[in-house]
Structure formats: structure tokens, C-alpha cells
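Naming: A, B, ... by sequence-line order, numbering from 1 per chain.
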There are 2 protein chains.
Amino acid sequence: MAAVEELGYVADSNASRLRSGRHSLAGIVVPDLTNPMFAAFVSTLESLARDDGFDLLVVSSANTPEQEAERLNAIRSWRPAGLIVIPCDGGLAARLPRGGYPALVVADRIPDEAAFDLVAVDNARAAGAITAHLASQGYRTCLVVGTTLAISNVRERWEGAVAAAGTMTLQFLDVGLDPSAVRARLKAHLSRPLRADALFSLDHVTSLIAYQTIADLDLDMPGDIAFASFDETEWMRLVRPPITAVSQPVEDMARASWKRLMRRISGEDCDAETVRLTCSIAIRGSSLRRSDKDPSRPD
Amino acid sequence: MAAVEELGYVADSNASRLRSGRHSLAGIVVPDLTNPMFAAFVSTLESLARDDGFDLLVVSSANTPEQEAERLNAIRSWRPAGLIVIPCDGGLAARLPRGGYPALVVADRIPDEAAFDLVAVDNARAAGAITAHLASQGYRTCLVVGTTLAISNVRERWEGAVAAAGTMTLQFLDVGLDPSAVRARLKAHLSRPLRADALFSLDHVTSLIAYQTIADLDLDMPGDIAFASFDETEWMRLVRPPITAVSQPVEDMARASWKRLMRRISGEDCDAETVRLTCSIAIRGSSLRRSDKDPSRPD
DNA sequence: ATGAAAGCGCTAACAG
DNA sequence: CTGTTAGCGCTTTCAT
């Protein structure tokens, strides 16, 4: 023991696992680490894992199904005790390797098929709260902007938005993931003579580009166009007017995912379970009722 | 081989390493994953590591020296090929475990002692460019705000700021890491009758709080106080006026760190080497010359 | 060429 | 309770 101290010896986790069968590594696959939401998720997870004696192998799918499939397979070579995956789209089931994992929890985005342990937010309700609010403020037409309906979150948000819109007219615009394409499509839509009087963007990356585009076109907010975002980032509270946004409980999601994974790792054998967490909604200046519009207003 | 396909077999990396001695795991220790700069660093690194056939063990020191020391030791149980560390303060050398690592590169923050392979930015030059700019715009006194001079980046930036300030008077204010304490100290300083006419904050977390504090106090920017930030985040381009900021080449830092680590892993045996990368500076509205101040201005 | 055997660092099982 | 031994899944080496 004196020599252990002296030389700074630590046992080889792998050799240990090889013989004992006790795994102390977990994996997390995310679409993109630079997304602050996923970074926060990983950060919380890392701390929870450590508390339970696990280290975390972090892998990015770079938002591409092919890389996700490759990484989902390759990560098995580390024989992790379990895996948490935020899939890059709904097609996860088809990309899972034959051998499977000892434990698997899917977070944030819901796969099209198959029964996984799942942790997600109440997308439809929260999106509905936004459109209901916009309608109540007197807006008549709303452009709803999302990357693609192939992502479950976008689909659920869109459907929730429609269900609660009342007499407000909604139009969906899918803009994809490439920033310059997003910008071009938004600009084209917002430059139309009969543009919508409200814009609701369904993820924070799109929200950023939408906000910049509105500023570029010199539109008054909310006078010319109201604005709301699903998913909140810090700049939304700093700009004037501040932005109405749905805020997701990222840390709770990480906590719920890890808890579920740990129960699976401890061998609990029950049906796949879905946890839905509640988003909070912050109504701010960007979506308040316009002062009854002066019809003689220039432009 | 047919059976390999059929069953989805992948070789056990650990058993493989145990016998062959070839390691395919690398570690990264960061102070805080929710910091977008570190998240971007890890993201780039993960992709570079994968290209070279390595997976990445990600560990957070939660900005506390004790946890850093513990993690730096524990991570050795995985027998990584090498480690990249962004230290939480200058005292890294004392926290390195006896046994050491096969390869180690220190990034972003410079330890007080010992010779490490090092990748950092040209803090002093970039900070000097900001104070020189503020002085050239006619500002006379500048409050420089940083977390603590125990962090090398803060120290280097402060020293660079002083060196280039010319006749402008500088004062350093250390505010620590706790957000509510930062806010309180800043508020106290900015409420003084003889407040500085420019504020330069040395990291983006402090910048955010400083910006909010200036807004809370209803100070006009740059009329009442000019503002500049070391380290740029996206909101700085969105607010009005947009914020003058030093932008760090995070991806280049990750690239340089990984390159250096790979050379060490391949057994290159040379003196420790320091790489300094160049920051770019974006002058924006928050620090432009005030229109010659009206002495009869209210307040 | 293909096949058998030894051993990486550890832990578990068993013997003294 | 302490000491020895076998073997986890691989790769390397040595023998055929």
C-alpha cells in the first residue's frame, strides 16, 4: 500500500473488467457537441456517471445517420455497461448493431419504431401553448419553421402547434440543417408581400438564423412580425425585445436518462418505459400584442 | 467472417490492448463542458481523434482543483494513449499523479511551473489591441474585469491590457466564478459616481453578467460606458449595439493540441514546445468613439 | 501457409 | 486468513 502511494499505481480498469465482468464505462452518443443543449446534457450526465463510479465515452454522430451507425457499432468494442443515445433522426432502430447493448436509453428524439426506454419532453403541449398564446395576442397567420419533419421533435412540435392554433392559419416551412440554405429560404419567405405576421421556429439554431434574418430585413418585432422559439438560449433574454421561448429541462432529462440506464444496468427487466418531462414557457416582448396597428403606418 | 457479419461481432478493444500494447483511447479533461468554448474544443477533438482511430474519454474537473486532481489520477486506470488537459488553474503541476502519462498536452491555460507541451493563444497581444483601441477612441479610464489572476489567461490578458493602454487609466477588478458575487461586485463598481468610462471583461461568462448589469443600470452603451469582451459568443453579434470582442481560434487550438499529442504518442522525444495561436479582433459598436459628449447631458 | 500455446493485468475460486 | 492458480479475450510467437 505504501508502494501504491509511492508510485501512484491505479488498477487497470480493463484488465479488471475482463476478469470480473464488472463494467465501469458508459457511452453517450450525441448528434453535435457544439449544440449547447447537448453539451449541457453531456455535462450533467458526466457528473452523474462519475457519482456512480462510471466514466463516460463521448461520441458524436455529427448529425449524419451513417456516422451514427458506424459509431454505434464501434463503441461496442469498449464493452460499455450501457449507452445513452440522442439519435440524429427517427431511423435509429435500423442503425442499431445486431449484437445490441447490455442497456440502452434513448433521449430527446423519439425513434419511428421499436420500443426503447425513452426520455423526452412534452413537445406537443409546449408548442401548442405558444401558438395558443400567439392567437390570443391577435396574430392571424404564423409561419412555423423547422429543420425537417423526419426529426420527431419537429414533427411533434408542429402537430402540437396545429392542434392549439384555433383560427390562426399555420404554414410549415422545412429549412434543413445547412445554415446558408436556412437563411436563403427564410429570407425568401419573409420578403413576400403577404408574409405571415408571426414566426415560430422549432429549434434554437433555426431561431438564431431567423432572428438575424428578421433584423437584416429591418422588420420591427413584434410590430411587423412576432417571434417565438422552441428551445431557449441565453441571447434570447438579452436582445430587445427579449424573445418568447420554450425552455427545456435539459438537466432533468439527463438525470432521468441516467436513472433509467442504471436500473437497466442493474438488471431490471421490465417493459420499455417512456418518460415525458414538462417544458416551461417564457412569454416575452417578442410576441406581445401589437399596439392596435395604425393603418396609416408607413410601409 | 460471415459469422462476424451475422452476429455483429466487434473485437474487445481492451483485451486487444492488453496483449498488443496498442492503445486506442485518449482522454480530455476540461474545467466545464457547458462553456461553449470548451464544448467546441472537445467536439473538434473528438472528430480528430476518431479520424486517427482513437476514442475519447471526456472528463470534467467542474472548475475545482480537487476534482481535477482526482480525475487526473482516476483516468489513468483506463491506460489512455495520452491526455489533453485544460487546467482549471495554474496549479496543475502539483496535481499530476506520480506515475505520469504516456503523453500529455496542456491547452488554453498555462501552468505556473514545469515544462509542458502547451497550446494557447496570444492573450497579451489581443488584450493590448483592445485597450489600444479604447484609448484611441478617446476613453480615459477602463475597468478591466476578470475572474481571478490565478488563471494564466486572465493574468496575461491583464498584463497585455496594461502594456498597451498608453495614457488611459486601468483598474483591475477580480470577481471570481460565482455569478451572484460577480453581479454584486460589478453593480457596486458601476454605481459609483466616478465610474470608468469603458469596461473590458476578460472572459465570456463575466461578459454576459457585465452586459446584463450595464442594462440593469440603464447605462447607455457606448455613451455612458464602452464595452469590450475577451472571448466572443454569438449573442455579442446580435445585441444592439453589437459587442467589440476578441475571438479565439478554438478549433485551431484543438487541432494543434491533437497534432502535438499524436507526435508524443508516436514516441517523438523532444523538448516541450509552446504553440501560440493568433486571436482575431472584431471592433463593433459597443466601443466606438462617443459622439463628443454634451456636457449638459442630464445625470 | 495454418495451428497451437503463451501471456498481457487483473480477480475469483479454491487450497492450505 | 493468506497464497496459489486459472482464465477473462485477445495477439504474438513459435511450431508445424
Side-chain angles (χ1 to χ4, degrees), chain A residues 1-27 29 49-59 69-83 96-104 261-262 264-267 269, chain B residues 1-27 29 49-59 69-83 96-104 261-262 264-267 269:
Chain A
M1 280 303 145
V4 166
E5 278 300 298
E6 177 97 8
L7 303 169
Y9 166 88
V10 278
D12 184 320
S13 305
N14 298 317
S16 163
R17 185 225 73 200
L18 204 52
R19 181 67 241 242
S20 72
R22 273 191 291 274
H23 302 243
S24 59
L25 187 70
V29 182
R50 171 198 306 188
D51 290 346
D52 286 333
F54 287 79
D55 280 302
L56 208 57
L57 203 59
V58 176
V59 156
E70 188 235 313
R71 300 315 291 163
L72 282 168
N73 193 46
I75 205 173
R76 299 168 63 226
S77 76
W78 295 104
R79 305 292 187 261
L83 209 59
L96 289 178
R98 314 235 160 244
Y101 305 93
L104 177 68
L261 188 70
M262 281 306 281
R264 285 289 178 202
I265 288 174
S266 347
D269 192 24
Chain B
M1 281 304 144
V4 166
E5 279 299 300
E6 178 97 7
L7 303 169
Y9 167 87
V10 278
D12 184 321
S13 306
N14 298 319
S16 162
R17 187 225 73 201
L18 203 53
R19 181 65 239 247
S20 72
R22 273 191 291 274
H23 302 241
S24 58
L25 187 70
V29 182
R50 171 198 306 190
D51 290 347
D52 286 334
F54 287 79
D55 280 301
L56 208 57
L57 203 60
V58 177
V59 157
E70 189 233 312
R71 300 314 292 162
L72 282 168
N73 193 46
I75 204 170
R76 299 168 61 228
S77 77
W78 296 105
R79 304 291 188 262
L83 210 58
L96 288 178
R98 314 237 160 241
Y101 305 94
L104 178 69
L261 189 70
M262 281 305 282
R264 284 289 178 203
I265 288 175
S266 348
D269 193 22

Expressed in angstrom and rounded to an integer, what is the separation of [X] atom [atom1] from [N] atom [atom2]?
X	N	atom1	atom2	result
A/L18	D/dG7	CG	C1'	9 Å
A/D12	C/dT11	CG	P	9 Å
B/H23	D/dT11	NE2	P	14 Å
A/R17	D/dG9	CZ	C1'	8 Å

task: Specify the closest pair of heavy atoms between A/A81 and A/P102, including all atoms of both residues, with the distance to one decimal.
output: O-CG, 3.3 Å

message: Please give me the minimum heavy-atom distance between B/L72 and B/I75, naming the atom from each residue.
response: O-CG2, 3.5 Å

field: Residue whose closest nucleotide on DNA chain C lies nearer the 5' end, A/N14 versus A/G21
entry: A/N14

First of B/R79 and B/R19 reached from the 5' end of DNA chain C, by closest nucleotide: B/R19

field: Shortest side-chain distance from B/S20, nucleotide among C/dC10, D/dT12, D/dC8
entry: D/dT12

Options D/dT12, D/dG9, C/dT11, nucleotide nearest the side-chain atoms of B/R22: D/dT12

- prompt: Has the side chain of B/R79 got a donor or acceptor atom that lies under 3.5 Å from a matching backbone atom of A/N14?
  reply: no

Donor-acceptor contact present, side-chain A/S24 to main-chain A/G53, <3.5 Å: no

